[in-house]
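Every value quoted in this text rests on a predicted model; they were computed, and no experiment measured them.
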Amino acid sequence: MPARVRRIRQDENTRKKIQATQLIKRLTAHVMGEVDMKATQVNAALGLLRKTLPDLAAVEYSGEVTHKDAREMTKDELLEALRPYSGAVGEAGSSGKLN
C-alpha cells in the first residue's frame, strides 16, 4: 500500500476543542459520582475550561429598536425594508409589485 501523500494534521483550535471536551467529560463523570476528584483538580479543570471556552456572559444592548407596522408603511418604505430579502424570494416576488 502506498504511503499517504497528504498528511492529516490537527490545527491548534481542534486540539483545544479536544482538550476542552476531555475536561468536560471528566467533570461530568465527577458530578455523576463515577470519578472522584479533589477540589484542587476540579478548580484546575474549571480554570482551564475558562481559558479554552468563550465566556457566555450576558450582553446588554443599549440601542433603540423601533418597529413599524407594514400596514402603515408606504410602498417605497416597504420595498426598502424587504430589499435585503429580495434574493430569497422567487421570480414572482422579485418583480417589485405589491398587491
Side-chain angles (χ1 to χ4, degrees):
M1 178 181 254
R4 185 179 286 187
V5 176
R6 284 188 302 169
R7 301 186 91 186
I8 298 173
R9 299 179 65 183
Q10 294 176 343
D11 61 348
E12 186 64 27
N13 192 25
T14 304
R15 284 193 289 276
K16 284 182 182 179
K17 287 179 183 178
I18 292 170
Q19 292 169 356
T21 302
Q22 295 302 319
L23 289 170
I24 292 168
K25 286 181 181 179
R26 182 81 173 178
L27 287 170
T28 303
H30 174 67
V31 169
M32 300 305 249
E34 299 166 4
V35 174
D36 189 33
M37 294 175 70
K38 296 179 184 176
T40 54
Q41 291 174 316
V42 172
N43 286 334
L46 291 174
L48 289 171
L49 279 178
R50 284 188 205 103
K51 297 250 184 216
T52 57
L53 296 179
D55 187 18
L56 300 177
V59 177
E60 182 180 329
Y61 178 74
S62 61
E64 183 179 325
V65 177
T66 57
H67 296 281
K68 193 169 186 181
D69 192 346
R71 294 173 288 203
E72 299 172 0
M73 298 173 80
T74 65
K75 178 181 176 180
D76 291 334
E77 289 174 331
L78 188 57
L79 287 173
E80 185 62 32
L82 294 174
R83 187 175 312 278
Y85 307 104
S86 63
V89 178
E91 290 297 318
S94 61
S95 63
K97 294 182 180 178
L98 293 176
N99 294 334

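- For the atom pair CZ (Arg50) and CG (Leu23), the distance works out to 12.0 Å, reported to the nearest 0.5 Å.
- Taking the side chain as every heavy atom from C-beta outward, Thr28 and Glu34 never approach each other to under 4.5 Å.
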Show your reasoning for whether side chain to side chain contact (heavy atoms under 4.5 Å, CB included) applies to Gln19 and Gln22. CA-CA 5 Å; Gln19 292 169 356; Gln22 295 302 319; 5.7 Å; no

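- A single hydrophobic cluster is seen to contain both Leu82 and Met73, as judged by linkage of ILVMFWY side chains at heavy-atom distances under 4.5 Å, directly or through other members.
- Taken together through direct or relayed side-chain contacts under 4.5 Å among Ile, Leu, Val, Met, Phe, Trp and Tyr, Leu49 and Met37 form part of one hydrophobic cluster.
- We find the CD1-CG distance between Ile24 and Leu27 to be 8.0 Å, quoted to the nearest 0.5 Å.
- The only member of Val35, Val42, Thr21 that meets side chain to side chain contact (heavy atoms under 4.5 Å, CB included) when paired with Arg26 is Val35.
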